Number of protein chains: 2
Amino acid sequence: MKRSFFHPLKEKKSKINYNMCMRILIIEDDLKMRLMLKDALEAFHTVDVASSLTEGIELVESYTYDALLLDRNLSGADEGMKIIPKLKKLQPTCAVIIASAYGGVEERIAGLSAGADDYLEKPYDLRELKMRLDALIRRYTPDVISMESLHIDMKNETLNAHGELILLSKKEHDLFFFLASKPDKVFSREDIANAIYEDPSSMTSNTIDVVISNIRKKLPVNPIETLKGRGYAFKNV
Amino acid sequence: MKRSFFHPLKEKKSKINYNMCMRILIIEDDLKMRLMLKDALEAFHTVDVASSLTEGIELVESYTYDALLLDRNLSGADEGMKIIPKLKKLQPTCAVIIASAYGGVEERIAGLSAGADDYLEKPYDLRELKMRLDALIRRYTPDVISMESLHIDMKNETLNAHGELILLSKKEHDLFFFLASKPDKVFSREDIANAIYEDPSSMTSNTIDVVISNIRKKLPVNPIETLKGRGYAFKNV
DNA sequence: GTGCAGGATGAAAAAATCATGAAAAGGAGT
DNA sequence: ACTCCTTTTCATGATTTTTTCATCCTGCAC
């Protein structure tokens, strides 16, 4: 990397979009609608779909979701609502949006008191759905990830252990918060290089390994898991 | 491999194309076109061809297809469309692409409302066809496969049993998700070798058997069925 | 039952991948 | 130029994975 002159104003900002790649569950019995929603949201998030309540419950029991979009009119009655308490108990940080053809105040109140976070009247604009989803996900996204003796403040991007700030160098910082922004996701070294280096192709050695090694040395626990042959993943230990 | 020092950056990308080995039916009355398409797609998929509608219907009644490429101009009229409802009834998860010389909006709408999933204007680029095929096949492929005590997330490529992630080594991972990408399809050891090895010809022992054995040891159920003399298949148990 | 073929599996050997200390290279401040 | 810190490179030893091989099982024909 050769920048021939010093240019202090343009601090290289690490441009990581922390609000993407959430995991969303859509429960909707109409096939067309389901595909349409999935298609639309898939550009930003990981989308699972379920066509029935039982299917949805099964998924909720095995995966952690950031948001649930629930069709109120499942199998005619208000069956859909029943999943909400169950979900909230299993996953208190999952945002719930109810979509329904009935738009009355009564309905809205019923939905919200069942535990939903928002209520959307059909037909709705896709952009509005996206906006509300993002807002709710933001609300629920924890600012702080805590594990024994290590506290990660995702908003301020700081690390704290035993009351002391842990200082990372810039590369260490970028790499760490890149991984931490999406717990459990496996990032290949190439993914990481693309995320935190301007010219990933110029990498010719095991730099990333070394950076990881140095991060680990500075932390009281090791939240970075190695997946041999595949890459690294942040693990909430 | 003689590398004087460790240079890990280019993780050998397990470039498994999970959308391979699908079964595709082409109904097209022009011989040249038919052969050309078959040739082009056969590198990735199993391709059946039919030169007429009746022939096509016959095939649809005896085989399960992942996709149908339909020439709209069969025997002059819009005869082609008639097969779509029949197919969708028999095989709701089969993707349908219509190819036509007429490219107007009217035509496109007519095609889609007849039940097609996509509409391609002739002449089209082969790569575009391949892309759209892949996209449609992906849409119809479920993201999550659940069986008692084992949940497979095809999107994030993770395995989950009793709330715990199951970690597979790279080869185990590649092999498992290759099989799981197409439930019930029997893959020969050669198919598997071609999919997950860079140099399949160098295989001289029962490596694949061993990998399968090791995968099975890690799972709480056995979703991999052995077909004596034929190969292995992923089974949704 | 016996024999056979194809498959499963434990264990050892071979190979690939990773962690890390140390040194070199790069940059900013003084 | 010197110092302090960060970043990258490289060699090495450690660990895990992958492959091989020998042996054991299992279903099936006889």
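Predicted, not measured: the structure shown is a model, and the values here were computed from it. A, B, ... follow the sequence lines: proteins, then strands. Residue 1 opens every chain.
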Rounded off to whole Å, could you give me the [atom1]-to-[atom2] distance for the [X] and [N] pair?
X        : N      : atom1 : atom2 : result
B/Ile215 : C/dT9  : CD1   : C1'   : 14 Å
B/Leu227 : C/dG7  : CG    : P     : 10 Å
A/Asp209 : C/dA16 : CG    : P     : 17 Å
B/Asp174 : D/dT19 : CG    : P     : 11 Å
B/Glu198 : C/dA15 : CD    : C1'   : 14 Å
A/Arg216 : C/dT20 : CZ    : P     : 7 Å
A/Ile212 : D/dT7  : CD1   : P     : 14 Å
A/Asn214 : C/dA19 : CG    : C1'   : 11 Å

Salt-bridge test for [X] and [Y]: reply yes if a basic N is under 4.0 Å from a carboxylate O, no otherwise.
X        : Y        : result
B/Lys130 : B/Asp125 : no
B/Asp209 : B/Arg189 : yes
A/Arg23  : A/Asp184 : no

**OP:** Identify which nucleotide among C/dT20, C/dG21, C/dA8 has an atom closest to any side-chain atom of A/Ser213, counting heavy atoms from C-beta outward.
**Re:**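 Shortest atom-to-atom distance from the side chain points to C/dT20.
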Is [X] near enough to [N] that one of its side-chain N or O atoms lies under 4.0 angstrom from OP1 or OP2?
X        : N      : result
A/Lys217 : C/dG21 : yes
B/Tyr232 : C/dA8  : yes
A/Arg189 : C/dT17 : no
B/Ser169 : D/dT16 : no
A/Tyr197 : D/dT8  : yes

Subject >> A/Phe187 and A/Phe178 aromatic ring geometry - parallel, tilted or perpendicular at 30°/60° bounds >> reply: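 Tilted.
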**OP:** Using the closest heavy atom to pick a nucleotide of DNA chain D for each, name whichever of A/Val211 or B/Lys218 lands nearer the 5' end.
**Re:**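 Its nearest nucleotide being more 5', the pick is A/Val211.
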**OP:** Apply the side-chain contact (heavy atoms from CB on, under 4.5 Å) test between A/Leu25 and each candidate in A/Val60, A/Leu70, A/Leu69, A/Val96; give the one that qualifies.
**Re:**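 The option that passes is A/Val60.
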Subject >> Residue that, paired with B/Tyr65, satisfies side chain to side chain donor-acceptor pair (under 3.5 Å) out of B/Thr46, B/Thr93, B/Asp48 >> reply: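 In the set B/Thr46, B/Thr93, B/Asp48, the residue that makes a side chain to side chain donor-acceptor pair (under 3.5 Å) with B/Tyr65 is B/Asp48.
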Subject >> B/Lys86 atom NZ, neighbour heavy-atom count above 12 within 6.0 Å >> reply: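 Not more than 12 within 6.0 Å, no.
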Subject >> Base versus backbone protein contacts along nucleotides 20-30 of chain D [heavy-atom cut-off under 4.0 Å; B, S, -] >> reply: BBB--------
